[in-house]
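The structure displayed is predicted, hence computed values, not measured ones. Numbers for residues simply follow the sequence, beginning at 1.
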Amino acid sequence: MAYRCEQCGRVWDDQTAVENEFLCTRRCGGRCLSDDSVDSPPQKVYIELTTDCNMDCPMCIRHSWSEPNRSMSESTFDAVITQLSEMPSVKTVNFSGFGEPLTHPEFFTLAKRAKQAGLNVEMITNGLLLDSETIDQLIALPLNRLIVSLDSLSEPSGKMLHENSFTQVADSLRTLFHRRQLAKQNTPDINIEFVATKKNIHELPELRRLSLVLGFSRIIVTNLIPQTPQQADELLYGACGPITRGQEISPWQPCIDMPVMDVSDEVHDVTRRLSNTGVLLRVNGAEVSGAGSKCRFVDEGAFAICADGSLSPCLALMHSHKYYFRKQSKRILAYHPGNVEQTTIKEIWGSPEYRAFRDRVRKNEFAPCLDCGGCNLRDSNAEDCAGDVFPRCGECLWAAGWIQCP
């Protein structure tokens, strides 16, 4: 039996739990040693209906792969839904991936299948295909959650991103919000996904102000994944330093517990300096400086299915692609422990290979690449200096907390 600390997430086996209880209590403040299952059950699936898109954004990772565009067949989708019915822990389907879901000719047919199966349905879209008819269909479905990529309110800030889309998308969101109110519904819940760069971060307050007229309830801010060295110059993350801090409190990594204070230049300057020195900074008990490497996909029981039926542990490993980090090119090789056309999702999830992968991720059994000055092993995720079991996730931008997915 394994034990996980409810507060800090540290896992102990039954032989070491008792002797480490005092240490873990000091780390997490007393809420310790839950006997909950270490491996979260599958709860959310990201389904890539298509890799086709009606936009050609310079920031898109589709520019760095050589795959042909592919759309999921109805038979593959039917296999997915049938297999999910055998996994009652899965509650949510998110139509996303690296294509525009609304370009799939049978989008609403497939979405209705998911709703009929009792699943919550979400979708990520660039918003340009939200015409009047589509809006009415989304409300009637009903779609539970709509995440719209909207990261530039003016032409200069939109370079590299969803350029020249704001006016049209904003008009569509107003229409959706109005018709949702007329239908006396609170679905779809409208969220905004904002890709932040040096050029557009200043627009975030103005975007927040628009929530009252565009009807969105949340802004999910993520960072840019650069496809060129020039794009890498616009990043708001990646400085060398104590990034993968973790939660162990020690003289080398002290903890500073701060109260809530007014947002002022004096407070902002001090918290910024403290965050950059490697301390564990908490405000009113909430982590501010980061809690170390953490894979939300594995921790929250999420996985992804590509248009051809291949299952992947996360969005980052769905397709082989390239990006730039600290001016160095990195090649990410796709990882697919199975395909729903040959093996059921339940069997893939429970396979020794996939279970071992999730265990490595939870234990973070990878080299500390994010804190390292760099070596030739950083060229890809094939291997690192801590082992040779593919894939290696020591430089995962998602686990570092720099890239967020809804």
Side-chain angles (χ1 to χ4, degrees), residues 3-12 16-17 19-34 36 38 194 196-198 201-202 204-205 208 218-224 235-296 298-300 325-326 361-374 393-405:
Y3 295 84
R4 170 185 280 175
C5 172
E6 292 179 348
Q7 186 71 8
C8 73
R10 192 67 176 265
V11 177
W12 313 103
T16 61
E19 63 191 66
N20 284 300
E21 181 174 1
F22 176 70
L23 291 175
C24 199
T25 301
R26 291 186 62 187
R27 291 189 188 104
C28 75
R31 295 181 57 206
C32 262
L33 300 177
S34 165
D36 293 341
V38 173
F194 183 91
T197 69
K198 292 178 181 178
I201 188 65
H202 68 281
L204 193 54
R208 177 260 172 270
R218 178 178 298 181
I219 301 175
I220 303 156
V221 182
T222 187
N223 279 300
L224 174 69
L235 297 186
L236 298 169
Y237 66 95
C240 293
I243 298 165
T244 54
R245 295 176 176 87
Q247 295 232 11
E248 291 195 23
I249 299 172
S250 72
W252 295 271
Q253 185 174 249
C255 179
I256 298 181
D257 284 292
M258 297 185 66
V260 175
M261 294 180 177
D262 292 340
V263 179
S264 64
D265 291 341
E266 295 87 352
V267 173
H268 173 74
D269 182 60
V270 169
T271 55
R272 177 184 58 81
R273 289 163 56 194
L274 288 173
S275 296
N276 290 335
T277 60
V279 302
L280 289 173
L281 182 63
R282 296 172 183 163
V283 175
N284 196 26
E287 297 287 349
V288 174
S289 55
S293 182
K294 174 179 175 151
C295 177
R296 287 187 55 192
V298 168
D299 283 1
E300 298 175 10
F325 180 67
R326 293 174 182 159
V361 171
R362 284 192 303 273
K363 294 177 180 177
N364 195 26
E365 293 180 340
F366 310 113
C369 301
L370 294 173
D371 290 329
C372 179
C393 302
E395 197 173 87
C396 177
L397 305 183
W398 280 260
W402 291 328
I403 307 299
Q404 295 195 96
C405 292

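- Sorted by first and then second residue, the pairs that involve residues 393-402 and meet salt bridge (charged side-chain N to carboxylate O under 4.0 Å, His left out), not counting sequence neighbours, are K330-E395, R378-E395.
- For the atom pair CG (D257) and CG (N284), the distance works out to 9.5 Å, reported to the nearest 0.5 Å.
- Of all the heavy atoms in R326 and C369, the pair that sits closest is NH1-O, 4.0 Å.
- Legend: residues meeting side-chain contact (heavy atoms from CB on, under 4.5 Å) with C295, ordered by chain and number and at least two apart, are F297, V298, V361.
- Among residues two or more places apart in sequence or in another chain, the side-chain contact (heavy atoms from CB on, under 4.5 Å) test is passed with D262 by none.
- Other residues, nucleotides and ligands contribute at most 12 non-hydrogen atoms within 6.0 Å of the CG atom of D265.
- Counting heavy atoms from C-beta outward, V263 and H268 have side chains that stay 4.5 Å or more apart.
- F325 and W402 have tilted rings, their planes meeting at an angle from 30° to 60° on a 0 to 90° scale.
- Taken to the nearest 0.5 Å, the NZ atom of K198 stands 7.5 Å off from the CG atom of L235.
- The distance from atom OG1 of T222 to atom OH of Y237, rounded to the nearest 0.5 Å, is 8.0 Å.
- For the atom pair CG of L397 and CD of Q404, the computed distance is 12.5 Å after rounding to the nearest 0.5 Å.
- Not counting sequence neighbours, the partners of R208 by the side chain to side chain donor-acceptor pair (under 3.5 Å) test are S211.
- Every side-chain contact (heavy atoms from CB on, under 4.5 Å) that I201 has, sequence neighbours left out, goes to A196, L204, L236.
- In terms of the side-chain contact (heavy atoms from CB on, under 4.5 Å) criterion, residue partners of E300 (sequence neighbours excluded) are, by chain and number, R296.
- Contact check for T271 versus M261: no side-chain heavy atoms found under the 4.5 Å cut-off.
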